[in-house]
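Notes follow the structure.
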Amino acid sequence: MGTTASQLGKDLLSEYQELTFLTKQEILLAHKRFTELLNKDEKDHTARVSMNTILTLPELKSNPFKERICHVFSTSENKDGGLTFEDFLDLLSAFSDSATLEIKSHYAFRIFDFDDDGTLDYGDLEKLVNCLTGETQDTRLTSEEMRQLISNILEESDIDKDGTVNLSEFQHVISRSPDFVSSFKIVL
């Protein structure tokens, strides 16, 4: 553990603590797990781990939104979902127990906004439902069930009645969901 702390450096470790919702121990564990994913010749904090490698982490492997999570937190110019250590820390910080409702709901909204247009429209909601129910014949909703469910979601959430859910409307719905903060988490 001492070698991991010295690899990060005390100043960098302190900076990461200030900029995230993570404790020193959580940052050190994240660094250890991240460096285990790197190739042997890529041990600096600017190295990027591919999305496919990140998705081998048990904490993400079974998450139905795993690819979207990587894309939302990736700063890769290639839009390939690869993560640097700082991207990885941002991800863990947003999903930590200490992150605020506002932070968690902001990132949840971005994850659910599949087309990255700043709103949750019919297509986003359909993909969201399919991710949650699974896309097998046994679990997939019929088109009528999907239409009715999305209609109900929009009726409940779309305050300005424009046919989409914006971030403010999403946060309003989430604020009435007491289980959201405790269920929106990833723990290493």
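In this text the structure is predicted, and so the values were computed from the model without any measurement.
Using a 4.0 Å cut-off between charged side-chain N and carboxylate O, Lys66 and Glu59 make no salt bridge.
Rounding to the nearest 0.5 Å places CG of Asp97 at 8.5 Å from OG of Ser182. For the atom pair CG (Asp117) and OG1 (Thr164), the distance works out to 8.0 Å, reported to the nearest 0.5 Å. Note that SG of Cys70 and CG of Leu55 are 4.5 Å apart. Values are rounded to the nearest 0.5 Å. Between Glu145 atom CD and Arg140 atom CZ the span is 11.5 Å, to the nearest 0.5 Å. Distance check, rounded to the nearest 0.5 Å: CG of Asp90 to OG1 of Thr75 gives 8.5 Å. Here Thr20 contributes atom OG1 and Leu91 contributes atom CG; the two are 12.0 Å apart, rounded to the nearest 0.5 Å.
Using a 4.5 Å heavy-atom cutoff, the side chains of Lys24 and Leu28 are in contact. In this structure the side chain of Asn152 reaches within 4.5 angstrom of the side chain of Gln148, judged on heavy atoms. At least one side-chain heavy atom of Ile111 sits under 4.5 Å from a side-chain heavy atom of Phe184. Annotation: side chain of Lys161 is in contact with side chain of Glu155 (closest heavy-atom distance under 4.5 Å). The closest side-chain heavy-atom distance from Arg33 to Leu57 is below 4.5 Å. Looking at heavy atoms from C-beta onward, Ile150 lies in side-chain contact with Glu126 at the 4.5 angstrom threshold. Side-chain contact between His31 and Phe85: present, with at least one pair of heavy atoms (C-beta onward) separated by less than 4.5 Å. A 4.5 Å side-chain heavy-atom check between Leu141 and Asn130 finds every atom pair outside the cut-off.
Residue Leu13 is grouped with residue Leu29 when hydrophobic side chains (ILVMFWY) are merged at heavy-atom distances under 4.5 angstrom, including chains of intermediate members. Hydrophobic clustering (side-chain heavy atoms under 4.5 Å, transitive across Ile, Leu, Val, Met, Phe, Trp, Tyr) keeps Val187 apart from Phe65. At a threshold of 4.5 Å between side-chain heavy atoms, the hydrophobic network of Ile, Leu, Val, Met, Phe, Trp and Tyr places Leu12 and Leu38 in one connected group. Transitive grouping of hydrophobic side chains (ILVMFWY, heavy atoms separated by less than 4.5 Å) keeps Ile159 and Ile153 in distinct clusters. Phe170 and Val173 fall into different hydrophobic clusters, where Ile, Leu, Val, Met, Phe, Trp and Tyr are joined by side-chain heavy atoms under 4.5 Å apart, directly or via other members.
Within 6.0 Å of NZ on Lys79 lie no more than 12 heavy atoms contributed by other residues, nucleotides or ligands. Heavy atoms of other residues, nucleotides or ligands lying less than 6.0 angstrom from CG of Asp160 number more than 12.
Using bins of under 30°, 30° to 60° and over 60° for the plane-to-plane angle, the ring pair Phe95/Phe73 lands in the tilted bin. Between Phe88 and Phe34, the angle of the ring planes lies from 30° to 60°, which puts this pair in the tilted group.
Applying the salt bridge (charged side-chain N to carboxylate O under 4.0 Å, His left out) test to Glu156 and every residue at least two apart in sequence or in another chain returns Arg176. Remark: Asp116 pairs with Arg68 by the salt bridge (charged side-chain N to carboxylate O under 4.0 Å, His left out) rule, at least two apart or across chains.
When only modelled atom types and interatomic distance are considered, Glu169 and Ser157 share no side-chain donor-acceptor pair under 3.5 Å. A donor-acceptor pair shorter than 3.5 Å can be found between the side chains of Ser76 and Asp80. Neither side chain, Thr119 nor Asp121, offers a donor N or O lying under 3.5 Å from an acceptor on the other. Inspection of the Asn52 and Ser50 side chains reveals no N or O donor paired with an N or O acceptor under 3.5 Å. Judged purely by distance below 3.5 Å, without hydrogens or angles, the side chains of Thr84 and Asp87 pair a donor atom with an acceptor atom.
Here the closest heavy-atom approach between residue Pro64 and residue Cys131 is recorded as CB-O, 3.2 Å. When every heavy atom of Ser105 is checked against every heavy atom of Ile174, the shortest pair comes out as CB-CG2, 4.1 Å. Between Ser74 and Arg48, the shortest heavy-atom distance links the atoms OG-NH1, 3.8 Å. The two residues Leu37 and Ile54 have their closest heavy-atom pair at CD1-CD1, 4.0 Å.
Remark: the backbone N or O of Leu120 is not paired with any side-chain donor or acceptor of Asp113 at under 3.5 angstrom. Under a 3.5 Å cut-off, the side chain of Lys104 and the backbone N or O of Ser96 do form a donor-acceptor pair. Side-chain atoms of Ser151 do not come within 3.5 Å of backbone N or O of Arg147 as any donor-acceptor pair. Side-chain atoms of Ser93 come within 3.5 Å of backbone N or O of Phe21 as a donor-acceptor pair. Formation of a donor-acceptor pair under 3.5 Å by the Asp124 side chain with backbone atoms of Asp115 is found in this model. Between the side chain of Ser14 and the backbone N or O of Lys10 there is at least one donor-acceptor pair closer than 3.5 Å.
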Exercise. Show your working on side-chain contact (heavy atoms from CB on, under 4.5 Å) between His106 and Leu167 and close with a plain yes or no.
Key: CA-CA 7 Å; His106 168 81; Leu167 177 59; 3.9 Å; yes
Practice problem: In sequence, state the C-alpha distance, the side-chain angles, and the governing distance for Met146 and Val129, and then conclude on side-chain contact (heavy atoms from CB on, under 4.5 Å). | Solution: CA-CA 8 Å; Met146 182 68 77; Val129 170; 3.7 Å; yes
